[in-house]
> 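Have a look at this one before I ask anything.
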Amino acid sequence: MEPVLKIENLQVSYYTDAGRARALDGASLALNAGEKLGLVGESGSGKSTMALAMMRMIKPPGRIEGGRVIVGDTDLTTLTEDEMLKTRLEKITYIPQGAMNSLNPVMRIGAQMVDAIKAHDKSLSKAEMSEMSMDSLESVDLDRSVFKMYAHELSGGMKQRVCIAIGILLKPQVIIADEPTSALDVVTQRQVMETIDRVQETLGAAIILIGHDMGLMAQFVDKVAVLYTGRLMEVCTVREMFTNPQHPYAQALIRSLPSFDNKGVFHGIPGLAPALLRLPSGCTFHPRCQHATEICTTTLPRLEQMENGRLVACHLYSEQV
Amino acid sequence: MKKWLLTLLSVLVLLSMALVACGPQEEATETPQVAEEATEEPAEEAIEEPAEEATEEPAEEVEEAAGALKEVPREETLVLGWSIASPLGVTNPWAVPGYTHQEGNTFLWEPLYWFGIFADEEIPWLAESMEYSKEDFTELTIKMNPVAKWSDGVPVTAADVVFTFEGQMSDEKLPYHGQFDQFVESVEAVDDLTVVVTFKQPAPRFMFEVLMLKFDTGIPIVPAHVLGEVDNWNEYVGDLDMPHSGPYTIVSWDNNQKILDLREDWWAVEAGLIDTPDVKRIVMFNLGGQIGQNMDVVAQRIVNNEMDSALDMRSDLVKSILEQNSDVTTHAGNNPPYGYLDWWPNSLWVNTQLPPYDDVRVRQAMNRCIDRDTIDEIVYEGAQIANVYPFPLYPGLQAFVDSPEVQALIAQYEPRKFDPDEAATLMTDAGFALNGDGLWEKDGETVSGVINGFEGIHSDIVPVLVEMLLNCGFDASVNFGDNAFQNMVDGEAGFYMWGHGASLKDPYAALELYHGKYSAALGTTAGSNRWSRYDNPEYDAILDEMAPLASDDPRFHELAAQAMEIYWRDVIDIPIIQWLHRIAYNQTYWVNWPTQENLAAGSNGAFWAHTGQLVVTNLKQAQP
Amino acid sequence: MSIRKIIERLLFLVVVIWTASTITFFIPRISSRNPIRERFGQLARTGGFSPDDLEIIIESYNQKFGLDKPLWEQYADYIGSIARLDLGVSLYQYPKTVSELIQEAIPWTLGLLVVTTILSFIIGNVLGAVAAWPRAPRWLRSIATPFILFMGVPPVLLAVFLLFFVAFRLKALPLGGAYSIGVVPNQSLKFYLDVLRHQLLPALALIFGTVGGWVLSMRGMGVTIQGEDYVLFAEHKGLSGFTIFRDYYLRNALLPQVTGFALALGNMVTSGIVIEQLFGLPGIGTVLYNAIKANDYLVIYGVVLFITIAIATLMVLVELLYPLIDPRIRE
Amino acid sequence: MTTTMISQQEFLQPSRVILFFRYLRRNPGLFIGFFILIGLILFTVIGVLTIDSSDAYPLSVKPKQPPSLEYPFGTDFYGRDLLAAMVVGMWQTALIGVLAGALGTFIGVALGFISAYFGGRLDNTIKGVCQILQPIPVFLIQVVIAGSLDKRDVTIYTMALIVVLLAWMWPTLVIRSQVLSMKERQFVSVAKLSGMGDLEIIFAEILPNLLPFIAASFVWSVFSAVFTSFYLAVVGLGPLREPLLGNTIWAAQSQGAFFNGWWWWPLFPAIAMVLILTSLALINMGLDELANPRVRRME
């Protein structure tokens with residue numbers, strides 16, 4: 001089966017006074033329709049950059065410097081600005097992180113949905129667009145009356161659902177959900193995740209779930225990709241990640257999770273993530289890595305496929321290839 | 001982006017249209033008649049041949065604009081610039097507060113006689129004749145002009161004169177009440193055209209000072225049949241239609257301007273006193289509330305031929321106007337000092353009762369600090385303006401100062417001498433010593449040298465005086481505040497820059513300003529031009545002896561010289577400058593302005609003075 | 001919006017008016033100046049008044065204007081008359097009342113100050129919004145910069161220079177006045193255009209002198225708003241730049257600006273006083289300027305109060321109407 | 001491992017001065033503003049040191065002279081050397097501005113702190129007074145005050161006082177709202193938990209974080225003080241003999257300087273006035289950007 005989303009060697013840099021920061025370096029991924037991928041990593045690891053790059057929403061001083069993002073059979077990086085406007089929401093959609101503030105406070109919810117439809121299809125009548133919007137609201141378990149409401153009249157969970165409803169208005173093939181449940185209480189989190197899950201199944205879209213809540217990930221995604229300083233460290237199934245992480249960083253990440261085995265004991269990852277402007281040479285993780293060797297300090301390991309199909313970027317496993 | 005730019009532009013256009021629409025809308029309420037017509041006419045225009053509209057419109061607009069007023073071409077219109085502060089609609093000369101004649105009302109009201117200063121001529125007007133019928137100046141007989149009539153057709157008679165005089169006698173709020181009270185015993189109408197005034201004491205100057213209109217003094221005759229009917233003539237406004245005898249009638253008056261049109265039935269033409277005036281309309285454009293502000297704009301408007309004349313200006317401004325428009329002239333043509341001598345020479349007055357000014361040495365020292373040559377040079381570009389007299393040097397007064405007696409006094413007292421060293425000696429004698437700041441000080445106090453003056457008219461000279469006094473050790477500074485006048489009236493410490501408007505023919509009126517009877521005690525109000533509060537029985541005796549004497553009496557001259565000696569000896573005030581009226585006359589539309597070369601009606605050239613009527617009615621349309 | 005809130009705001013209005021009237025009443029009395037004496041002193045220039053007569057007149061007018069009463073009584077009378085909307089009589093232009101003076105002047109001021117405040121508001125805010133809008137072309141964004149720099153030019157100074165260059169030198173526009181000399185106000189288009197021509201320079205000076213403030217505050221506001229999540233999400237929705245600019249960005253950024261509008265009008269008055277006078281326009285500013293110069297204190301009180309009331313009312317009105325544009329404040 | 005990394009960071013960390021200049025480059029408004037201001041200060045200071053200030057008063061030099069080598073800015077109608085008048089005028093303008101600005105800011109900061117930190121009735125009172133005074137046009141009240149004073153009492157210092165009388169409301173409200181938001185932040189709660197006293201928290205924790213706001217508010221106060229004193233001078237309510245910039249410009253205006261061809265008379269003081277106000281506006285803008293990280297992000 002042809003993957004619905006293919007990311008090839010995506011590179012993003014930010015240009016600042018102090019120099020060039022490589023925020024995303026050579027990320028590659030492929031996702032089939034209906035597949036659910038979790039994108040994890042510490043804050044500043046480049047998760048959001050990657051999402052924005054896929055939407056082609058990187059703004060100056062940032063720049064996409066290379067690579068391709070292919071949705072279906074369209075290479076997004078070759079589209080004109082106007083074509084890209086149409087592609088957003090229609091083919092690839094983004095559900096924002098801060099749902100609390102992602103809705104325009106002075107416009108009715110309906111108006112914010114209708115203008116999104118209108119931007120993509122001017123041929124529809126007003127009634128049709130309203131109908132579409134209300135259907136979409138219903139599909140995320142919201143009442144049709146929400147159409148006429150303002151953001152401040154909704155609860156946090158409802159706002160997040162509205163965002164999802166907007167995101168799926170045009171039935172996209174790829175959905176990027178950027179920490180859709182942060183700032184929600186646990187019960188609501190669950191409900192929202194279930195909604196996303198159901199909606200995605202109905203649409204048959206591929207989904208990338210960004211977040212650092214490994215627990216939540218474990219329940220909802222099929223595959224996990226680990227980002228560190230803008231580099232993919234490991235991509236594998238959820239099961240493999242939790243039972244047998246390969247990359248030392250992934251191992252540290254898993255170890256740091258609270259579990260029944262190590263309750264009460266907190267295992268942080270020693271050291272700090274380096275600033276993007278001053279990345280260490282070689283493997284960017286080497287200053288914090290217990291297994292670092294000579295080669296780690298000089299040569300950047302590439303993301304390579306292991307026998308079982310997992311992708312790992314670490315010199316420890318280079319020989320296995 | 002283009003779309004919103006368009007949106008923005010259209011919003012801007014809409015708003016500027018709103019500006020057009022709502023700016024003048026209120027005018028509808030002020031001139032309701034015009035408004036009604038205006039709503040009708042454009043509608044008709046729109047229906048009639050739109051093609052021709054463009055060419056026709058301007059003409060029709062003018063007609064329409066003049067709906068309430070008849071149209072008068074620019075060639076027949078005189079545009080004058082003046083600050084009009086009196087409330088709209090006040091035409092009654094007896095309304096209090098009064099003093100409205102300067103603001104165009106002088107074209108409405110007429111006297112028994114005019115006095116034309118430069119022709120030195122008494123001009124009979126509402127009266128055919130007026131003379132003292134007793135040799136000792138105790139009776140005056142007035143014969144009225146039989147043709148004279150008010151604008152409502154009622155004749156001007158002896159009854160009006162009696163009413164006017166008796167009003168002044170009985171009403172203390174009228175400006176000449178004091179004079180009438182002092183001199184006039186009774187007023188009687190012998191017949192319709194004859195009035196006899198009986199005086200309490202010899203009044204040789206009453207006829208001239210009170211009954212003739214000149215400069216800003218004298219009284220006009222008011223209609224008895226109008227003011228006699230109102231309950232309180234002090235509060236009667238008059239409005240535009242108050243019957244008057246003068247040649248012009250106010251037809252429109254708002255905050256921007258006062259428009260006056262010529263009355264075709266003006267009696268003076270019928271009486272053969274004057275030809276029908278060429279000026280059919282006077283527009284008095286309001287320059288704003290403060291006299292003398294924004295004068296550069298006024299100057300530019302004269303250069304642009306927008307205005308034909310305006311109030312008097314500082315020397316530099318007039319010079320610049322003359323340079324920029326060759327059609328403009330002044331009383332003195334294109335030559336400095338550009339103006340004519342006004343009757344208002346300015347002195348630095350001080351309160352002679354208040355220490356340290358009560359010490360003649362201090363006053364003399366201050367006088368010695370004034371460098372009158374520098375004043376001429378710096379402020380007046382070499383014109384001889386700086387002055388040592390309390391009166392203007394009009395012919396009669398020039399003859400007086402040229403007399404050997406007065407010349408001897410000048411040689412003796414050297415009133416013009418600039419001598420800081422002598423000033424220092426005088427101050428030291430008076431017990432002052434220079435302090436650390438270089439200022440004269442006595443008992444820990446410097447001389448409070450605030451000069452109270454008036455920004456619009458004194459802003460050129462006063463800062464210069466301040467520096468001269470400072471350089472000489474007097475703690476001088478400027479007060480152009482609104483309380484300046486009050487400080488003078490109250491006799492506050494300091495200097496007062498003010499004029500003498502008094503003498504025109506002989507020195508009596510000016511010298512009389514220092515008579516002890518006006519020497520209000522400290523703490524009471526001094527009358528206008530009596531700021532010095534000088535009190536000297538020797539001086540008063542001289543003045544009292546002069547009072548009943550005619551000016552050509554040799555004894556009068558002798559006494560006047562004695563009074564002048566005291567004036568200089570005691571430095572009653574410190575004369576600074578002659579006052580010049582530098583008035584620009586634009587000859588693009590109007591000629592025959594009163595100038596040095598062309599006396600016209602013989603009056604001074606101030607259209608705002610009482611004799612302004614003579615200036616305007618004698619103007620001739622310029623031949624293109 | 002509750003009745004309670006309306007009453008609360010109206011009470012606030014009353015307190016503001018009371019404060020302003022108290023300030024304007026007491027401050028001029030710090031000095032010992034007597035405006036009536038000063039006025040009649042000026043009149044005495046005529047020459048004929050004797051000192052005694054002058055005193056009698058002054059006394060009678062002191063009585064008439066209540067200046068001989070004890071201060072607290074004058075204060076009570078004053079507050080009482082304010083409550084009756086009676087602002088008193090002009091001393092300088094007696095018997096004209098202050099209300100009449102204001103009435104005559106206010107249309108001109110409305111025509112100039114209010115329209116320029118609105119124009120300045122619109123131009124300034126649009127430019128400021130554009131300046132902070134990263135997607136606007138660079139040249140468009142940089143248009144705002146000179147306007148910000150104009151903040152350092154007091155409108156009056158600008159007016160002086162405009163007057164010189166445009167009216168004196170180029171003779172392109174009139175030198176001042178409300179309309180051409182000799183024209184009698186009427187309802188013709190020609191007259192309107194004449195008025196517009198006369199208002200152009202003062203309006204330009206006021207607009208240029210005040211636009212900068214709006215540009216600056218809107219730019220700050222815009223920078224904040226364009227970082228808001230809803231603007232970012234709007235971009236993710238694939239909306240066109242214009243739609244986002246208008247509906248998501250400008251609309252939200254404008255909200256706080258609206259509340260500043262009433263105060264801006266107050267600031268405009270400051271410049272308006274001198275500019276109206278400079279151009280010889282018969283508006284409130286000129287009335288006030290002349291009153292200051294003549295110490296016509298009832299007119300000063302009246303105009304200061306009138307302006308304060310106008311601004312306070314406008315503020316309260318804006319506050320009460322604000323929910324109409326911001327749904328969050330409703331209910 | 002970690003130690004090497006930290007030392008590496010230190011090595012790469014540029015000095016504060018360099019960072020400051022880098023920042024200035026990113027914030028050109030602040031840079032230009034400072035540049036102009038320093039220029040003006042240099043002009044005034046050098047001027048005060050080298051020029052005979054008595055030339056700033058009438059009758060000191062030949063009047064009405066256009067700019068020349070002898071009189072670089074020309075002389076005016078009254079015989080002032082305009083260069084001297086400018087130096088003295090700038091000095092006086094700066095004095096009024098800084099005095100009024102400092103006093104206004106001080107009162108504002110004090111009231112703002114008291115109001116926000118202690119809250120309650122005190123806060124309500126201060127806030128209420130500010131709100132009530134807000135709609136009253138400050139300038140008009142200043143006009144009423146200045147107009148009521150005896151002219152001899154109007155000096156540079158009284159002028160500063162008049163300006164300051166109603167100039168504290170804005171800083172009060174600004175500081176109040178900043179302290180309120182600051183109070184909610186974690187570090188203040190932490191300090192409170194650790195038993196710091198109110199005063200200690202104010203001076204050790206909150207105040208330093210507010211410095212950019214206070215600086216911006218100070219600059220703004222100076223700006224409005226200069227602005228207001230200019231307008232007071234223009235309506236004739238300033239100290240009349242002093243060559244304040246506003247006075248000089250208005251004296252030129254009332255003597256018809258342009259019409260009479262003495263263009264230099266109003267021109268140079270006008271330029272100086274514009275430069276002062278522009279530099280202050282730019283600095284204020286720059287400080288705003290410094291204080292508000294969101295605005296900073298934009299540059």
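These numbers come from the heavy atoms of this one structure, side chains and all, not from hydrogens, waters or symmetry mates. Protein chains get the first letters and strands the later ones, always in sequence-line order, with residue 1 at the start of each.
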> Considering non-hydrogen atoms only, spot the tightest contact between A/Pro105 and C/Pro327 and give its length.
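In this case the closest contact between A/Pro105 and C/Pro327 is O-CG, 3.3 Å.
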> Is there side-chain contact between C/Arg251 and A/Asn104, with at least one heavy-atom pair below 4.5 Å?
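No, side chains not in contact.
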> Would you compute the distance between atom CG of C/Leu239 and atom NZ of A/Lys118 and round it to the nearest 0.5 angstrom?
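The NZ atom of A/Lys118 is 11.0 Å from CG of C/Leu239, to the nearest 0.5 Å.
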> Is the closest side-chain heavy-atom distance between C/Tyr248 and A/Met107 below 4.5 Å?
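With C-beta onward as the side chain, the pair touches.
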> Sort A/Glu81 into side chain, backbone, both or neither according to what part of it lies under 4.5 angstrom from a heavy atom of chain C.
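For A/Glu81, there is no contact with chain C at all, as no heavy atom is under 4.5 Å.
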> Search all heavy atoms of A/Cys163 against all heavy atoms of C/Phe233 and return the closest pair with its distance.
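Shortest heavy-atom contact: O-CZ, 3.9 Å.
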> I'd like to verify something: which residue of C/Gly238, C/Ala234, C/Ser240 has the highest number of heavy-atom pairs under 4.5 Å with chain A?
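Greatest number of close heavy-atom pairs with chain A: C/Gly238.
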> Is A/Leu52 in contact with chain C via its backbone, its side chain, both, or neither, using a 4.5 Å heavy-atom distance?
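A/Leu52 touches chain C through side-chain heavy atoms alone.
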> Within the structure provided, determine whether C/His236 and A/Thr93 are in side-chain contact (heavy-atom separation under 4.5 Å).
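Not touching, per the 4.5 Å side-chain cut-off.
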> Output the option from A/Asp82, A/Leu85, A/Val106, A/Thr87 having the highest count of non-hydrogen pairs under 4.5 Å with chain C.
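If we count pairs closer than 4.5 Å to chain C, A/Val106 comes out on top.
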> With a 4.5 angstrom heavy-atom cut-off, which part of A/Lys86 approaches chain C: side chain, backbone, both or neither?
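Neither part.
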> Kindly write out the residues that satisfy side chain to side chain donor-acceptor pair (under 3.5 Å) with C/Ser271, not counting sequence neighbours, or none if the list is empty.
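In terms of side chain to side chain donor-acceptor pair (under 3.5 Å), with neighbours along the sequence ignored, C/Ser271 is linked to D/Tyr231.
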> Is any NZ, NE, NH1 or NH2 atom of the basic residue among C/Lys237 and A/Glu90 found under 4.0 Å from an Asp or Glu carboxylate oxygen of the other?
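No, no charged N to carboxylate O under 4.0 Å.
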